[in-house]
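In what follows, every heavy atom counts, from backbone to side chain, and hydrogens, waters and symmetry copies are set aside. Each chain gets a letter, A, B and so on, in the order the sequences are listed, and its residues count up from 1.
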Number of protein chains: 2
Amino acid sequence: MGENKIYKIWVVEDDPVFKTSLEDLVELEEQFELVNSVSSIESALKGFTSKPSPDVILEDIELPGMSGIEAIPFYKKQFPEAAVIMLTIFDDDDRVFEAIKAGADGYLLKRSSGDEIIKAIKDVIKGGAPISPAIAKKMMSMLSGGNPSLKESPLTKREHTILKFLVEGYTIDMISAELHISPFTVDTHTKNIYRKLHVHNRSSVVAKAIREGLV
Amino acid sequence: MGENKIYKIWVVEDDPVFKTSLEDLVELEEQFELVNSVSSIESALKGFTSKPSPDVILEDIELPGMSGIEAIPFYKKQFPEAAVIMLTIFDDDDRVFEAIKAGADGYLLKRSSGDEIIKAIKDVIKGGAPISPAIAKKMMSMLSGGNPSLKESPLTKREHTILKFLVEGYTIDMISAELHISPFTVDTHTKNIYRKLHVHNRSSVVAKAIREGLV
DNA sequence: ATGACCATACCGGGTTTCCGGTATTTTACG
DNA sequence: CGTAAAATACCGGAAACCCGGTATGGTCAT
């Protein structure tokens with residue numbers, strides 16, 4: 001952000017009360033300008049040609065007619081630079097996931113405060129992804145779900161530690177710094193891991209480690 | 001939250017300057033009480049028996065000695081009710097993922113403001129997962145890019161072929177020979193794959209390809 | 001106390017990767 | 001038919017890897 005640029009905002013929200021709140025919120029910020037506010041996807045699509053291009057689109061996910069999620073690709077196609085923030089009542093797993101897949105840039109609960117919504121708009125402009133904490137929780141559980149069995153390996157404790165870093169793409173120098181040991185030592189461990197796993201390069205060691213559950 | 005309960009906070013941070021900032025921040029809030037502030041995992045572990053149990057643990061991820069991530073399971077075992085918020089300088093994909101897997105409840109950039117950190121603590125107490133917007137961005141890309149069953153790869157047919165060889169540990173020259181194309185071409189494809197998958201070395205591309213079911 | 005193993009550390013040199021370019025031909029699609 | 005995307009190809013420099021060595025201090029069990 002930094003300078004004095006005025007950011008153009010679109011609002012797509014069918015509930016008249018909440019729509020008005022959003023409008024007020026946006027208009028009270030000096031650096032924002034509400035250039036289009038509609039109550040359905042269909043009306044929003046009409047604005048593609050007649051309204052100023054948005055920098056940020058605030059869109060309700062629970063809209064009559066076409067779902068707010070389905071509309072995202074259209075926005076993205078027409079305005080590739082625009083950020084889309086979804087607003088929702090429910091922190092529903094599937095919806096969150098669908099919206100993220102569709103390319104939403106942020107995901108807020110409607111019960112968020114005005115300040116939080118303003119902050120969210122500023123965050124997306126800065127390239128971040130504002131997410132309500134409750135929704136972030138869902139995302140985290142989705143991410144962490146499913147890391148099964150570890151297996152017995154012929155590697156020593158230290159080698160196993162090194163292996164984990166190798167799999168994460170760390171270079172020898174990075175591992176050296178991380179573990180506070182000489183890069184030469186890391187190199188030695190790496191060679192020993194290669195020998196024990198019968199491989200001869202990074203790619204193979206990573207593939208083997210993951211496939212055999214060594215990490 | 002609601003009532004008058006005082007929440008007990010632990011701080012684990014090795015940088016003395018930032019540590020002091022955190023301490024001040026926590027102590028200035030009436031509903032928080034700083035009950036343990038240390039500069040290493042080892043010291044934190046010692047506090048398990050001697051210090052009051054925490055409701056929230058603020059922990060630097062880049063600590064000397066044992067990694068902040070490795071420590072999470074210990075906290076969770078000893079204090080199942082405590083929420084762990086990780087603090088980091090880098091919004092690094094792999095770290096975020098590792099920390100989430102390990103059970104972190106929140107993930108903040110150190111450049112966050114004092115207000116944001118306080119709000120984060122309140123958020124975890126309410127059961128949310130506070131995440132810096134920049135980190136949420138990473139999580140979203142991991143989610144949207146990271147579901148084997150629901151996702152088509154962004155790679156072209158040829159890139160996908162090359163990727164399979166990379167995962168098998170082939171060098172560029174070997175792939176070049178196998179496909180009867182110039183090694184320069186293989187190099188170009190490889191670079192494009194890296195760009196599309198947001199990685200910068202062989203190890204990472206192999207790990208990502210296997211974990212996301214791209215091969 | 002004496003191997004066996006582990007973790008540490010160092011060296012040199014050839015090989016390969018990684019990156020940022022540029023550029024041409026082929027293919028697919030509206 | 002035109003054009004966007006994909007596939008092909010090339011260059012050079014910096015960085016990282018891979019290997020075959022050697023070597024030393026610590027731990028642990030026989």
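- Nearest nucleotide to the side chain of B:F184, out of C:dC10, D:dA9, C:dT8: D:dA9.
- The main-chain N or O of A:K51 is never found under 3.5 Å from a side-chain atom of A:N36 such that the two would form a donor-acceptor pair.
- Distance from the side chain of A:T171 is smallest to D:dC17 among C:dT17, D:dC17, D:dA9.
- Put simply, CZ on B:R195 is 12 Å from P on D:dA7, counting in whole angstrom units.
- Regarding A:N192, its CG atom lies at a distance of 12 Å from the C1' atom of D:dC19, rounded to whole Å.
- Closest contact between the side chain of A:I181 and the listed nucleotides C:dC18, D:dG20, C:dT8 involves C:dT8.
- Phosphate proximity of C:dC19 to B:H200: present, with a side-chain N or O under 4.0 Å from OP1 or OP2.
- Taking 4.0 Å as the cut-off between side-chain N and carboxylate O, A:E168 and B:R211 count as a salt-bridged pair.
- Side-chain N/O atoms of B:T185 include one lying less than 4.0 angstrom from OP1 or OP2 on D:dA9.
- Using a 4.0 Å cut-off, some side-chain N or O of A:S182 falls inside it from OP1 or OP2 of C:dC10.
- Here D:dA14 presents its P atom at 17 Å from CG of A:D173, a figure rounded to the nearest Å.
- Atom NE2 in A:H189 sits about 8 Å away from atom P in C:dA9, given to the nearest Å.
- Salt bridge A:K46/A:E42: absent, no basic N to carboxylate O contact under 4.0 Å.
- Proximity note for B:R158 (side chain, C-beta onward) versus C:dG21, C:dC6, D:dA7: the nearest is D:dA7.
- B:H189 places none of its side-chain heavy atoms less than 4.5 Å from the side chain of B:T161.
- When the side-chain nitrogen and oxygen atoms of A:R202 are compared with OP1 and OP2 of D:dA16, none of them lie within a distance under 4.0 Å.
- OP1 or OP2 of D:dC18 sits under 4.0 Å from a side-chain N or O of A:Y194.
- Straight-line distance from the CD1 atom of A:I172 to the P atom of C:dT8: 14 Å, rounded to whole Å.
- Here A:D187 lies in heavy-atom contact (under 4.0 Å) with a base.
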Original post:
When you look at A:K110 and A:E13, which way does the salt bridge (Lys or Arg N to Asp or Glu O under 4.0 Å) test go after all the steps?
Top reply: CA-CA 11 Å; A:K110 283 194 179 178; A:E13 166 63 59; 3.3 Å; yes
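- Across the protein-nucleic acid pair, A:K157 atom NZ and C:dA7 atom P stand 9 Å apart, rounded to whole Å.
- Remark: A:K19 does not engage A:D15 in a salt bridge, criterion side-chain N to carboxylate O under 4.0 Å.
- An angle of 60°, rounded to 10°, separates the two end axes of the helix from C:dA1-D:dT30 to C:dG30-D:dC1, each defined over five pairs.
- Spacing between atom NZ of B:K191 and atom C1' of D:dA14 amounts to 14 Å, rounded to whole angstrom units.
- Between B:W10 and B:F48, the two ring planes are tilted [angle within 30° to 60°].
- A salt bridge links B:K119 with A:E116; the closest basic N to acidic carboxylate O contact falls under 4.0 Å.
- Contact annotation: A:T188 does not reach the phosphate of C:dA7 (side-chain N/O to OP1 or OP2, under 4.0 Å).
- Going from atom CZ of B:F165 over to atom P of C:dT17 covers 14 Å, rounded to whole Å.
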